[in-house]
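Below is one structure, written out as structure tokens, with a few remarks after it.
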Number of protein chains: 4
Amino acid sequence: MTVPVNDAPRPRRDVARNNQALLDAAATVFARSGVGASVREVAGEAGVGVATLYRHFPSRSDLVAAVYRHQVEECAEAGPGLLASSATPYDALVAWVRLFVDFLGTKHGLARVWEGDSAGFTALHRMFVERLVPVLSDLLDAGREAGQIVAPTSAYQLLRAIGDLVAWTSPDPDYDVRASVALLVSGLRQRPPAL
Amino acid sequence: MTVPVNDAPRPRRDVARNNQALLDAAATVFARSGVGASVREVAGEAGVGVATLYRHFPSRSDLVAAVYRHQVEECAEAGPGLLASSATPYDALVAWVRLFVDFLGTKHGLARVWEGDSAGFTALHRMFVERLVPVLSDLLDAGREAGQIVAPTSAYQLLRAIGDLVAWTSPDPDYDVRASVALLVSGLRQRPPAL
Amino acid sequence: MTVPVNDAPRPRRDVARNNQALLDAAATVFARSGVGASVREVAGEAGVGVATLYRHFPSRSDLVAAVYRHQVEECAEAGPGLLASSATPYDALVAWVRLFVDFLGTKHGLARVWEGDSAGFTALHRMFVERLVPVLSDLLDAGREAGQIVAPTSAYQLLRAIGDLVAWTSPDPDYDVRASVALLVSGLRQRPPAL
Amino acid sequence: MTVPVNDAPRPRRDVARNNQALLDAAATVFARSGVGASVREVAGEAGVGVATLYRHFPSRSDLVAAVYRHQVEECAEAGPGLLASSATPYDALVAWVRLFVDFLGTKHGLARVWEGDSAGFTALHRMFVERLVPVLSDLLDAGREAGQIVAPTSAYQLLRAIGDLVAWTSPDPDYDVRASVALLVSGLRQRPPAL
DNA sequence: TATGAATGAGAGTTCATTCAT
DNA sequence: GATGAATGAACTCTCATTCAT
């Protein structure tokens, strides 16, 4: 009798190590030079050859998505809990947006997530839509049901607005991104003007 | 024999012509390919050599600023009139924002205006601050005096938020920039949540 | 305890299997993508790792030679028979050339056999010279003895000419390699012009 | 009255100089490393940057064609004269082939001219067909009319056969390309065997 | 003054070969 | 013995900017 313990042999030690090194390096480099950083810079930071980077992440899209996957997941998973533990749905929404802003806050150039696939952001774009939109949608629904939210804004629309606001963050002492996001969220409480 | 009548002689005819041709070309190209368009594309569109472009506008910053100067002026000048002709200061603010959004609407990649001088946007940045911030400031003050605006948002803060929202516009049928801006403006009517 | 019965123990079953798989794969791949095909393609076709390929055939030269060894042998062995069964030595020569052309016909890029070892063809080159030149030499001698061949062309010279003609075959509907070879062989029947 | 001396202003001195330097360099490098040599090698040999090479010759095809244009022209132009000055059409053919072989003789890797456009030889291929085929065709026709040539070989077919024979020339003391070509041409004098 | 050719660094990507597992 | 991940040099091509004409 044959007992296939595991179809896929466990990954080699060094492969896993490199993979992690690449993710760490990419995170560092992306934070430093923006998401458009050169592949060489990332590989160099990780201490591996460029081809190794290509082996692990065939397209830039894959790398970008991989780098942010964990954080996207955390964001997505936090939604229901916040809804349960907050005083009101609107409070939950605010709390979740805070989380999302914290996540995006340190990344440069992440606004380009929204540009179709022009720059290799398709995978991350999809992750955002697939994981985050439903979560935010639930929060908005709850807020609407409670009468706290009246603006007819879709989850995607709001997510993207926040994203655009936060993602191109540049160090400007006279500008407070979080205040802008707060303004935006605050706008949900009433009918917005026609523009 | 040459007699320099004047220290700053009026510019030669062809120089002026080239200058205008370059501005027109840049406007066209920026609208088509974004502000990051290649210098060759602009020079080619204007029908002049690249070096001519460099002579007229030593840095990209200068070119970008020159291209948008007129429109920035128009925006700035429209402020007082709107305040006078609108039913309420808030209405005037909304109307002015509409103008501003219209202005930014057709440019691609203008978000970079806010990135210090990283991509040569310093001059435009300064124009925005010098001409537009005071105008928007007046509008906000009026709204506040009328009790219509309560959020403690500075003119610069608001300008930049709108800019970030509008400028990275990519053709996404599921996203409506103006709706996001409306949300933001609507948020001015009450105290925003702490974030 | 290990008792080495034999200095050269017969190869392990799987080793032999891999060897054959590699040869088959190489034949397939060479026919499809040319002799310059990537090592990964060959290894992949064989279903083994690249390093296995390198173990079996340390240099590309070895692989190429091994792949064509059988066919070279067949060609070599057919010579005497043709001489015996053909009406005239010249007919035998033509028949043998046909065989040789058939052999080369399906391989791409085999002209490089003649480039010293630049691309790893030394081993195959040697096989050609050692096995085929004598056979062709006999055919030429017979033809000469019968008075059918008068051009002072050596076997190596002729072999190589045919090889160059046939081997760089590219799919060109306006070109018929066999016709060129026929022309060449036909030239043997008289003194060629000085060139 | 306007007298347009020349619509296109005469090329700048340095441009012409660079152009020539590039052609010379390419000729040198092609002779040394083959036609597949890297663009950097050519640019380096010419003492210019790679981009300069790209400006002058946008595709490899253009460079290759330019390098050999003069010689192709000479070959083409020599045809009629040879026909007039030779004792017989066949002698003229032989003389012309000699010229052609001289031309191809020093180039490495020129066999690839015949590979469709796979490697950037399209332009040269076209030159060969357009300029040389008609010339060779006339020679063959004359030979046929004189009864000296009987093989039903087209000019293109013959040109290509010679090309394949000559072009992959590698330094092999035991092999004489010219002898092979002589054999081929000699074959034209009678019906070739079926192959 | 206007031109566009020259520059050279840097981008992404591929591949034969080696080496740790 | 077999594996396939890692390597790093090589490739083509592009661009903002400078400089000779």
Side-chain angles (χ1 to χ4, degrees), chain A residues 9-19 21-22 36-44 46-56 58-60 120, chain B residues 11-15 17-18 22 36-44 46-56 58-60 119-120, chain C residues 11-15 17-19 36-44 46-56 58-60 119-120, chain D residues 9-19 21-22 36-44 46-56 58-60 120:
Chain A
R10 76 186 155 83
R12 275 168 47 171
R13 196 87 51 82
D14 60 333
V15 172
R17 197 183 334 113
N18 270 336
N19 204 296
L22 280 167
S38 108
V39 293
R40 294 193 128 77
E41 195 179 348
V42 173
V48 305
V50 282
T52 303
L53 176 56
Y54 273 94
R55 171 177 287 276
H56 285 258
S59 82
R60 177 180 290 263
Chain B
R12 277 170 41 179
R13 197 84 53 82
D14 59 333
V15 172
R17 195 182 340 111
N18 271 339
L22 279 166
S38 118
V39 292
R40 302 195 97 83
E41 197 178 347
V42 174
V48 305
V50 281
T52 305
L53 174 58
Y54 275 95
R55 172 174 293 276
H56 285 260
S59 81
R60 176 180 289 262
Chain C
R12 277 168 42 175
R13 196 85 52 81
D14 58 335
V15 171
R17 195 183 338 114
N18 272 340
N19 205 296
S38 117
V39 291
R40 304 196 95 83
E41 197 178 345
V42 175
V48 305
V50 280
T52 304
L53 173 58
Y54 275 95
R55 172 173 295 275
H56 285 259
S59 82
R60 176 179 291 262
Chain D
R10 77 186 155 82
R12 277 168 44 173
R13 195 90 48 80
D14 60 334
V15 172
R17 197 182 335 113
N18 270 336
N19 204 296
L22 279 167
S38 110
V39 292
R40 291 196 123 76
E41 195 178 348
V42 174
V48 305
V50 281
T52 302
L53 175 57
Y54 273 95
R55 170 177 288 277
H56 285 258
S59 82
R60 175 179 292 263

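Lettering of chains follows the sequences in order, A, B, ..., and the numbering in each one begins at 1.
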Between the protein and nucleotides 12-16 of chain E, list the N/O to N/O atom pairs that are separated by less than 3.5 angstrom.
residue: dG12(E); atom: OP1; partner: Arg60(A); partner atom: NH2; Å: 2.6
residue: dG12(E); atom: OP2; partner: Val39(A); partner atom: N; Å: 3.1
residue: dG12(E); atom: N7; partner: Arg40(A); partner atom: NH1; Å: 3.3
residue: dG12(E); atom: O6; partner: Arg40(A); partner atom: NH1; Å: 3.3
residue: dT13(E); atom: OP2; partner: Tyr54(A); partner atom: OH; Å: 2.7

Once you round it to whole Å, what is the distance between [atom2] of [N] and [atom1] of [X]?
X: Arg55(A); N: dT17(E); atom1: CZ; atom2: P; answer: 16 Å
X: Arg17(C); N: dG1(F); atom1: CZ; atom2: P; answer: 15 Å
X: Asn19(A); N: dA5(F); atom1: CG; atom2: C1'; answer: 12 Å

Dot-bracket for DNA chain F, please. Rules: Watson-Crick or G-U, both distances under 3.5 Å, ( ) within the strand, [ ] when a pair crosses earlier ones, | for another strand, . otherwise. .||||||||||||||||||||
With Asn18(D) via side chain to side chain donor-acceptor pair (under 3.5 Å) - residues at least two apart: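 If we apply the side chain to side chain donor-acceptor pair (under 3.5 Å) test to Asn18(D), skipping adjacent residues, there are no hits.
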Hits for side chain to side chain donor-acceptor pair (under 3.5 Å) against Ser59(D), two or more places apart or cross-chain, chain-then-number order -> Asp62(D)
Which pairs of donor and acceptor atoms, one on a side chain in residues 48-55 of chain D, lie under 3.5 Å apart (sequence neighbours left out)?
none

Tell me whether the OP1 or OP2 atom of [N] has a side-chain N or O from [X] closer than 4.0 Å.
X: Thr52(D); N: dT7(E); value: yes
X: Asn18(A); N: dA5(F); value: no
X: His56(A); N: dA6(F); value: yes

Heavy-atom nearest nucleotide on DNA chain E for Glu41(A) versus Leu53(D): which residue maps closer to 5'? Leu53(D)
What's the shortest heavy-atom distance between Ala37(C) and Glu41(C), and which atoms?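 Looks like CB-OE1, 3.8 Å.
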